[in-house]
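Here is the structure we will look at.
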Amino acid sequence: MADKIALITGITGQDGSYLAELLIQKGYTVHGIVRRTSNLLRSRIEHLRRDENIYGKRLFLSYGDLSDSTTLRRIFRDVRPSEVYHLAGQSHVGLSFEIPESTCDEAGMATLRLLEIARDQPEPLRFYHASTSEIFGSATESPQNENTPLRPSSPYGCAKAFATQLARVYRQAYGLFVCNGILYNHESPRRGENFVTRKITQSVARIARGLDAGLTLGNLESRRDWGRAQDYVVAMWMMLQHETPDDYVVATGEAHSVRDFVEAAFAVVDLPWEKYVKHDPAFDRPAEPKQLVGDASKIHKMLGWKPTGTFDQLVREMVEADLTALDKSR
Ligand code: NAP
Ligand code: F7E
């Protein structure tokens, strides 16, 4: 296992940070691509970067941007990865209506750039593409599986559908080992602060400590299939260990509304949610997918993956982490 070299795009994100931990723990050498930002603190991987036994020994970071093919190609040449996990890109669906062009470049075209680089490598490698339930958008069937037709309903979903189909083409046309992980929403204390779950749990913690008076949200009736990010990165790794490349839906199979999430989060701190939560149409989206719920029976049967924990445990874990972080910072 010691000679396994993984390259992760998007290592500073929620999934990238958990995946880096998992792979280091499995004995991999991990290389991450980070983009230049004005603030050097990369909070989700800062604990790894500060660990002398890890940083510079098992974990390496290189500067690169998804739009910069020359640099990406150079990183592949220098790192010579045996496994590539392509996770980077603008991942906010609502925001993709406001910045469609850059979203499509990052979620769509950048995958093409990376697949082309992968195709040119002297040694074969295994490539994971971070696909999403958003490719199904206004699906006509529920739950969705790997054969459900692609009907995306946002610029983000369209770009990911393009990249997903392209990954299939590269697998079939060139025999590349490429897997699409069709992941449904997955959350954790490291979830970005402008996704609904984290926005809720962070706000609940602040309200419970008397720092905020209320929480403003968009559509409370939206339903999602929410799982734990820590489980979902294991699924990514499992896909690349199988003898043949394939696509897999990764989901819990259970749908809950944003309202359910709000109720469960306020219940953790024993406060009545109706008193604090308001609707603001500014957070509504021009279009919403229909009922997105995944059928993960293929990955369960083929790779033995299954989700852990319950919806209530996930909500509790996130609220408690935000309470702890808030108390530490004061
Ligand atoms: P995330 O927390 O938003 O992280 C995105 C990562 O991409 C960050 O490391 C970000 O770097 C990097 N990035 C963005 N634009 C870049 C660019 N132009 N060049 C280089 N790096 C760039 O996303 P996530 O939740 O971990 O999700 C990982 C992937 O899975 C994404 O592709 C997402 O679309 C997909 N996905 C996520 C879910 C989910 O529920 N989380 C479900 C299905 C699919 P900075 O730290 O510098 O911003
Ligand atoms: O929205 C509603 C919103 O932004 C969930 C990404 O990781 O999962 C994620 O995309 C729902 C939507 O996630 C607010 O309208 C209500 O119906 O947390 P979200 P998402 O759009 O499902 C998929 C699988 C991905 O691939 C993406 O990368 O919640 N909602 N009020 C709100 N959403 C937000 N963000 N903020 C609100 O105030």
Side-chain angles (χ1 to χ4, degrees), residues 8-20 32-39 41-45 62-68 71-72 85-97 102-103 105-107 109-111 113 128-137 152-154 156-157 159-160 163-164 180-188 190-200 203 215-229 232-233 236 249-251 256-259 261-262 277-290 292 294:
I8 305 178
T9 74
I11 193 169
T12 55
Q14 171 188 254
D15 292 4
S17 64
Y18 284 122
L19 181 65
I33 299 181
V34 295
R35 54 181 171 172
R36 195 266 161 186
T37 48
S38 63
N39 186 345
L41 187 68
R42 303 186 179 101
S43 59
R44 296 188 184 99
I45 56 167
S62 308
Y63 280 111
D65 192 283
L66 289 175
S67 60
D68 183 346
T71 307
L72 293 174
Y85 295 86
H86 171 37
L87 313 179
Q90 196 296 97
S91 70
H92 197 284
V93 177
L95 203 52
S96 78
F97 287 96
S102 56
T103 301
D105 191 63
E106 289 172 15
M109 280 303 291
T111 309
R113 282 179 206 122
Y128 174 86
H129 168 239
S131 184
T132 163
S133 49
E134 286 289 317
I135 61 174
F136 299 132
S153 52
S154 65
Y156 169 82
K160 286 286 191 182
T164 302
N180 285 304
I182 307 172
L183 271 53
Y184 283 62
N185 299 50
H186 44 280
E187 317 297 314
S188 73
R190 295 186 194 169
R191 184 56 142 155
E193 292 164 13
N194 60 353
F195 295 92
V196 78
T197 55
R198 185 74 197 291
K199 182 175 167 183
I200 294 166
S203 175
L215 163 63
T216 311
L217 290 171
N219 187 356
L220 288 184
E221 308 317 321
S222 270
R223 295 175 75 77
R224 289 291 185 279
D225 178 332
W226 277 298
R228 285 180 77 236
Y232 285 43
V233 300
M236 295 175 189
V249 160
V250 182
H256 293 272
S257 65
V258 173
R259 184 188 297 272
F261 199 103
V262 165
V277 176
K278 292 197 175 43
H279 175 249
D280 182 343
F283 293 110
D284 290 343
R285 295 182 182 171
E288 280 277 3
K290 273 196 177 169
L292 289 182

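Both ligands and their constituent atoms are indexed starting at 1 by order of listing. All values derive from a computational prediction rather than experimental measurement.
Here atom 20 (C) of ligand 1 lies nearest to Leu66 when heavy atoms of Ile135, Ile182, Thr103, Leu66 are compared. Looking at Gly89, Ser91, Ala229, Ala163 and measuring to atom 7 (O) of ligand 1, the nearest heavy atom belongs to Gly89.
In terms of modelled atom types and a separation under 3.5 Å, the side chain of Asp225 and the main chain of Gly294 share a donor-acceptor contact. When atom types are taken as modelled, the side chain of Ser203 and the backbone of Ile200 share no donor-acceptor pair closer than 3.5 angstrom.
Taking Arg198 as the reference, Asp322 meet the salt bridge (Lys or Arg N to Asp or Glu O under 4.0 Å) condition, with sequence neighbours excluded. By the salt bridge (Lys or Arg N to Asp or Glu O under 4.0 Å) test, Arg223 is found to be paired with no residue, residues two or more places apart in sequence or in another chain being considered.
Ligand 1 has at least one atom lying under 4.0 Å from a heavy atom of Ser131. Look at His92 and you'll find a heavy atom under 4.0 Å from some atom of ligand 2. Judged by the shortest distance from any of its heavy atoms, Lys160 lies inside the 4.0 Å radius around the atoms of ligand 1.
Nearest protein heavy-atom neighbour of atom 30 (N) of ligand 2: Val196 CG2, 3.7 Å. Of the protein's non-hydrogen atoms, the one nearest atom 1 (O) of ligand 2 is Arg285 NH2, 3.5 Å.
Between Leu87 and ligand 1, an N or O atom pair is found at a separation short of 3.5 Å. In terms of polar-atom proximity, defined here as any N/O pair under 3.5 Å, Thr197 makes no such contact with ligand 2.
Using a 4.5 Å heavy-atom cutoff, the side chains of Thr103 and Leu95 are not in contact.
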